[in-house]
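What follows is one structure encoded as structure tokens, with my remarks underneath.
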Amino acid sequence: MYDFDKYINLIKDRLSEHRFYHSMCVAKRARELAVKYGADPDKAYLAGILHDIMKELPKEEQLK
């Protein structure tokens, strides 16, 4: 359903190594929690991957 590799490569290019690692850990945990609580694990995983995608851009870029 989702092309996770596409999104992983997208954030890898935009984020520092530390924030990339953090986002992947969040994605993994989000998937685990979704399974536990009956939510869609793929959507949760994708949300975890993307949750900080704009975090390291300047505020002006984030607002656009």
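- Partners of Asp52 by salt bridge (charged side-chain N to carboxylate O under 4.0 Å, His left out), not counting sequence neighbours, listed by chain and number: Arg19.
- Not a single side-chain hydrogen bond (donor to acceptor under 3.5 Å, both in side chains) links Arg14 to another residue, sequence neighbours left out.
- Residues passing the ring pair (Phe, Tyr, Trp, His ring centres under 6.0 Å) test with Tyr45 are Phe4, sequence neighbours excluded.
- When the side chains of ILVMFWY residues are joined at heavy-atom separations under 4.5 Å, either directly or via intervening members, Leu10 and Phe20 end up in a single hydrophobic cluster.
- To the nearest 0.5 Å, the span separating CD1 on Ile49 from CG on Leu15 amounts to 11.5 Å.
- The closest side-chain heavy-atom distance from Tyr7 to Ile53 is not below 4.5 Å.
- In this structure, Val26 is not a member of the same hydrophobic cluster as Tyr37, with clusters built from ILVMFWY side-chain heavy atoms closer than 4.5 Å.
- Minimum interatomic distance between Ala34 and Pro41 (heavy atoms only, all atoms of both residues): CB-CA, 3.7 Å.
- Considering NE2 of His22 and OG of Ser16, their distance stands at 10.0 Å, rounded to 0.5 Å.
- Hydrophobic clustering (side-chain heavy atoms under 4.5 Å, transitive across Ile, Leu, Val, Met, Phe, Trp, Tyr) keeps Tyr21 apart from Ile8.
- In this structure, Glu32 and Lys28 have side chains that are in contact, with non-hydrogen atoms separated by less than 4.5 Å.
- The cluster map of Ile, Leu, Val, Met, Phe, Trp and Tyr, joined by side-chain heavy atoms under 4.5 Å apart, puts Leu33 and Leu46 in different clusters.
- Residue Met24 holds its CE atom at 9.0 Å from NZ of Lys12, rounded to the nearest 0.5 Å.
- Interatomic distance, Met54 CE to Ile11 CD1, rounded to the nearest 0.5 Å: 13.5 Å.
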